[in-house]
Amino acid sequence: MAAPEAWRARSCWFCEVAAATTMEATSREAAPAKSSASGPSAPPALFELCGRAVSAHMGVLESGVWALPGPILQSILPLLNIYYLERIEETALKKGLSTQAIWRRLWDELMKTRPSSLESVTCWRAKFMEAFFSHVLRGTIDVSSDRRLCDQRFSPLLHSSRHVRQLTICNMLQGATELVAEPNRRVLETLASSLHTLKFRHLLFSDVAAQQSLRQLLHQLIHHGAVSQVSLYSWPVPESALFILILTMSAGFWQAGPGGLPCRLCGEASRGRAPSRDEGSLLLGSRRPRRDAAERCAAALMASRRKSEAKQTARAAPATRVTRRSTQESLRAGGTDTKREPHPPATSHEAPGTKRPPSAPATTSSASPSSSTSSSKRAPASSGPQPKPLKRFKRAAGKKGARTRQGSGAESEDLYDFVFIVAGEKEDGEEMEIGEVACGALGGSDPSCLGLPALEASQRFRSISTLELFTVPLSTEAALTLCHLLSSWVSLESLTLSYNGLGSNIFRLLDSLRALSGQAGCRLRALHLSDLFSPLPILELTRAIVRALPLLRVLSIRVDHPSQRDNPAVPGNAGPPSHIIGDEEIPENCLEQLEMGFPRGAQPAPLLCSVLKASGSLQQLSLDSATFASPQDFGLVLQTLKEYNLALKRLSFHDMNLADCQSEVLFLLQNLTLQEITFSFCRLFEKRPAQFLPEMVAAMKGNSTLKGLRLPGNRLGNAGLLALADVFSEDSSSSLCQLDISSNCIKPDGLLEFAKRLERWGRGAFGHLRLFQNWLDQDAVTAREAIRRLRATCHVVSDSWDSSQAFADYVSTM
């Protein structure tokens, strides 16, 4: 009887509190509260009004509300603001209540975005609070605009920070300065323990203060925090100093920036250390400009851009083009080749692709004294000797190069370079040359040969385990920095380099990976590499990677266009080193997953077989767009898989013409070790479908180990689907439980007959059936009936695809 008495006591307490606050609540409400969906009745409206009054006084009544019985508490939860709703989560769970539906409704009403269909949201509270933190940090949401977001007793950033697992920094490093500010010290301390992934998207040129704030932020979150993954996305024109800063901090190296305060978490040893060279100058050697000078130049460019934009006229762009063209013509007239002429080191402010006059003013015929004088007013004079001219790739000149700008058009030309830089980019053999530090070789593994000092002398902190670079073009300077860091980055477990324009720098990358593999405690187990071009054919590149990293578990490699290796060599390019493309046998490796995306053109089967023979632990193989000279070559690959890859469980072929390889396909379907096979857009049934389909079904009926078969985009049609239904007949020993027949020109009547055959044979539920992008819209009633029958035997996944519109789109592109 104690429990009912306590329940009645709490209920009476709630009524007393509600009655005491009802008058105050009604005076604030502009209109009477709406009743529940069951209809307008006085008790529900009164209860909701009382609940609102209680939620408005949670600062006083919070402990009492927590002790309310479950039925009453459940009605109050939707009325609480996000701060008290988050705080009461644990109490609600103990009473058997869930707040997930409330958080989902808050997401729909306040965030107004729909999560990706590929995303599986396990906790809407965490997802909402993480997004709320990012919006508040960037200033894209007004917390005072909604009573559910506004509460003077709570700090939005601090309260939501413990739910942040992933933080994205965009554009000009918005939010970095706010996070390192003293008022947000507790926020940063909370992030250091909760944040796991740090992403950078669409970065632009930033000023000195923003980069200094980012330096402190990375030091706190990576070196003294729990961040394990750093990802960079879509940075078309990477700023050299900023990119090197992110890389070196991610690798665990720390140097106090110019004029920066010492870190209070580093101890007395860090406090007593005098400021020294930053990461950029440390890695790139004494020949590179000090980063503080680069930052000043970056700030000067930003100021000049803003001033130039404010004063821009309709004739500014044409005048800029004339200035740029006249400068280049004057260089050619003076006998100077702009493509091969060395120029000073780049700073962080200038865009790639910028053509420069020669570095020394005394030898520059196109620069007048007046232009040097006017330019010196904008750039601070350098007291020390200028660095020796270096050959650079897609980078800009430093302060000294800025003095050679002509007249008042310099600022407009800077703006032109910033906006139109992509059109001026080029790829040639100069990628591998960096003046005197090129060493005349592609594969020098000695860092001193590259002009890069050893890293062991620097203090090193905790580093990340996952690095991802998506669509971030790497200049030679950036590639050298990355390779030098990789050679000793033993904590790195996963590396993704996607469309970075490495070019011939891939050889330096291979050397650094080989050096890393020789380090004690190397943890690199996953490598994802994709690019438009490669100086090596993809199979030779794969062999080189497997040889350099024998402990690698996951390798994903894709090259979109054929290698130019057979073309005439670029002058000065000695070709790939012999130790990279050696013909010796590949030692046994630990590969478990291999994914390869091939460019167009026939691939040498023996090279692929050599990789497969050395990968005895391979469990998953995926070949995308692979082409072989003959079906016999494809059969050789399959025979190698059967003999050497006994642990193989999943095999996938995508966008391959297997119309002439039907016997090889049957050979695969009879393999009793494979559990999942994918033939995606492989033109399987293009030839002899009447003879091939029965043979295929017979092979599958005798295979008891195959669990999944994926056949999207093979024009199976109604006839093929009905033939495939025989796999599930009573005399079949098949254990197939996953079937994908998407994009196979299947019509509703054929699908309905397929469902009836499964019912006739009394086959139990066999798993998943995928039906995306079929012609089911031609008869919606029949399609619904077929799907209803199928759901009695399997889980059906389909869509509302408009086949007529898709066909019209296809014809319009022909």
Side-chain angles (χ1 to χ4, degrees), residues 251 442-447 463-468 482-497 502 505-531 534-559 576-598 603-623 637 640-651:
L442 294 170
S445 58
D446 183 10
S463 57
I464 63 172
S465 60
T466 301
L467 177 65
E468 298 178 338
L482 175 62
C483 294
H484 196 42
L485 289 171
L486 286 176
S487 62
S488 60
W489 202 332
V490 294
S491 67
L492 193 64
E493 300 176 4
S494 177
L495 174 64
T496 299
L497 300 176
L502 285 173
N505 285 312
I506 189 67
F507 302 124
R508 298 193 186 275
L509 176 66
L510 292 173
D511 283 331
S512 65
L513 293 177
R514 181 179 293 104
L516 174 62
S517 180
Q519 295 279 351
C522 173
R523 303 178 188 174
L524 186 61
R525 297 295 181 266
L527 175 62
H528 305 268
L529 181 64
S530 58
D531 219 327
S534 169
L536 277 179
I538 182 172
L539 287 175
E540 291 189 8
L541 181 59
T542 304
R543 285 167 51 91
I545 293 175
V546 173
R547 190 182 292 113
L549 297 169
L551 298 180
L552 204 63
R553 302 291 179 86
V554 178
L555 174 60
S556 176
I557 181 170
R558 170 180 292 275
V559 178
S578 58
H579 67 278
I580 290 181
I581 60 170
D583 295 329
E584 66 273 9
E585 186 177 353
I586 303 176
E588 187 175 354
N589 58 72
C590 300
L591 268 185
E592 297 178 356
Q593 180 178 340
L594 176 61
E595 300 177 0
M596 303 182 67
F598 295 86
Q603 304 298 326
L607 288 182
L608 178 57
C609 291
S610 65
V611 176
L612 298 177
K613 290 178 181 179
S615 308
S617 303
L618 195 64
Q619 300 179 14
Q620 181 174 340
L621 175 64
S622 176
L623 302 180
V637 174
T640 303
L641 290 175
K642 182 179 180 180
E643 295 179 5
Y644 292 89
N645 304 107
L646 303 180
L648 190 65
K649 303 299 182 184
R650 294 180 177 86
L651 183 60

Working to the nearest 0.5 angstrom, can you tell me the gap between [X] [atom1] and [Y] [atom2]?
| X | Y | atom1 | atom2 | result |
| --- | --- | --- | --- | --- |
| S488 | L516 | OG | CG | 8.0 Å |
| S465 | W489 | OG | CH2 | 9.5 Å |
| D511 | L486 | CG | CG | 12.0 Å |
| S622 | R650 | OG | CZ | 12.5 Å |
| K649 | E592 | NZ | CD | 12.5 Å |
| L509 | R514 | CG | CZ | 10.5 Å |

Nearest atoms (heavy-atom pairs only) where [X] meets [Y]:
| X | Y | result |
| --- | --- | --- |
| H528 | S494 | CD2-OG, 4.2 Å |
| L524 | A526 | CD1-O, 3.7 Å |
| L510 | A548 | O-CB, 4.2 Å |
| C590 | L551 | SG-CD2, 4.0 Å |
| L648 | L621 | CD1-N, 3.9 Å |

Please walk me through it: do L467 and T496 pass side-chain contact (heavy atoms from CB on, under 4.5 Å)? CA-CA 6 Å; L467 177 65; T496 299; over 6 Å; no

Let me check something: any side-chain donor-acceptor pairs from residues 604-616 under 3.5 Å, sequence neighbours excluded? List them with distances.
| residue | atom | partner | partner atom | Å |
| --- | --- | --- | --- | --- |
| S610 | OG | R543 | NH1 | 2.8 |
| S610 | OG | L607 | O | 2.5 |
| S615 | OG | N589 | OD1 | 3.2 |
| S615 | OG | N589 | ND2 | 3.3 |
| S615 | OG | V611 | O | 2.8 |

Would you say S534's side chain and V559's backbone share a donor-acceptor pair under 3.5 angstrom? no

With side chains defined as the heavy atoms from C-beta onward, is the minimum distance between [X] and [Y] less than 4.5 Å?
| X | Y | value |
| --- | --- | --- |
| L536 | I506 | no |
| V546 | L594 | no |
| F507 | L502 | no |
| L482 | N505 | no |
| Q603 | I538 | yes |
| L529 | R558 | no |
| L539 | F598 | yes |

Which is it for Q620 and L651 under the side-chain contact (heavy atoms from CB on, under 4.5 Å) test, yes or no, and what are the steps along the way? CA-CA 6 Å; Q620 181 174 340; L651 183 60; over 6 Å; no

I'd like to know whether CD of E588 has more than 12 heavy-atom contacts from other residues, nucleotides or ligands below 6.0 angstrom. no

Please determine whether side-chain contact (heavy atoms from CB on, under 4.5 Å) holds for the pair R553 and L591, giving the CA-CA distance in whole Å, both sets of side-chain angles, and the decisive distance to 0.1 Å. CA-CA 4 Å; R553 302 291 179 86; L591 268 185; 5.9 Å; no

Is it true that the side chains of S463 and S491 contain a donor and an acceptor less than 3.5 Å apart? yes

If the condition is side-chain contact (heavy atoms from CB on, under 4.5 Å), which residues does S517 pass it with, not counting sequence neighbours? L549, P550

Could you tell me whether E493 and R525 have a side-chain N and a carboxylate O separated by less than 4.0 Å? no

